[in-house]
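Report on the following structure.
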Amino acid sequence: MCTVALSHDVAMDVNELVGTFVVEVGVRQAWPFVGFCDHRVTSSRETRLYLDATWSIGGEPERGVDETQQWLTAADDLDGLTVSDATVVSGGALRLEFVGGVVLSVSTTSTLKFSEARWWFSPWHH
């Protein structure tokens, strides 16, 4: 189990993402995000992953969070995909693998430096 403390002292096990699917991608204020929903029949839950670090999708070169159009174009490929594996790797980088083999990697290299965390999740909500 790999638990990540959020900025508001809520911890989330990244393994909870396994089986969720992407319902939205976008940019909120300065931060790119990916929204996830679980597959519960009743009372489904959603969370968002926010980025303040360089990222890569599908093996493409890393990009910064200040590259909004590139994020929106690349992240659109994640829409509807289901998470098959979620891990925190060397030094705290995040790696999400989706069914079909697409991978979203989020480094620990900050680009905007608006937050102490390089990536974080919102609390689950219904």
Is there a continuous path of hydrophobic side-chain contacts, each under 4.5 Å between heavy atoms, that joins L104 to L72? yes
If hydrophobic clusters are built from ILVMFWY residues whose side chains come within less than 4.5 Å, do V83 and V102 share one? yes
Audit row: W120, D52, side chain to side chain contact (heavy atoms under 4.5 Å, CB included) steps and yes/no: CA-CA 9 Å; W120 65 96; D52 190 9; 3.8 Å; yes
Nearest 0.5 angstrom please: [X] [atom1] to [Y] [atom2], how far?
{"X": "E62", "Y": "E67", "atom1": "CD", "atom2": "CD", "answer": "11.0 Å"}
{"X": "R63", "Y": "Q70", "atom1": "CZ", "atom2": "CD", "answer": "5.0 Å"}
{"X": "L17", "Y": "T82", "atom1": "CG", "atom2": "OG1", "answer": "11.5 Å"}

Is there a donor-acceptor contact under 3.5 Å from the side chain of T108 to the main chain of A93? no
Test side chain to side chain contact (heavy atoms under 4.5 Å, CB included) on L49 and L96 and set out the steps. CA-CA 11 Å; L49 164 64; L96 300 180; 4.0 Å; yes
Flag the pair I57 / L78 as yes when at least one side-chain heavy-atom distance between them is below 4.5 Å, and no otherwise. yes
Contact check, side chains of W119 and W31, non-hydrogen atoms, under 4.5 Å: no
Going through the checks in order, is the side chain to side chain contact (heavy atoms under 4.5 Å, CB included) test met by L94 and L51? CA-CA 10 Å; L94 178 65; L51 287 64; over 6 Å; no
Test log, rule side chain to side chain contact (heavy atoms under 4.5 Å, CB included), inputs V34 and Y50: CA-CA 7 Å; V34 181; Y50 290 95; over 6 Å; no
May I ask you to establish whether R28 and F33 are in a cation-pi arrangement, using a distance under 6.0 Å from NZ or CZ to the six-membered ring centre and at most 45° from the ring axis? no
In terms of the angle between their ring planes, are F36 and F121 parallel, tilted or perpendicular, with boundaries placed at 30° and 60°? tilted
Residues 68-95 vs salt bridge (charged side-chain N to carboxylate O under 4.0 Å, His left out), sequence neighbours excluded, gives R95-E97
Looking only at the side chains, is there a donor atom on one of S107 and T54 sitting less than 3.5 Å from an acceptor on the other? yes
So which atom in S44 and which in H126 form the shortest heavy-atom distance, rounded to 0.1 Å? O-ND1, 3.4 Å
For E46, enumerate each residue passing the side-chain contact (heavy atoms from CB on, under 4.5 Å) test, keeping only those at least two apart in sequence or located in another chain. V23, C37, H125
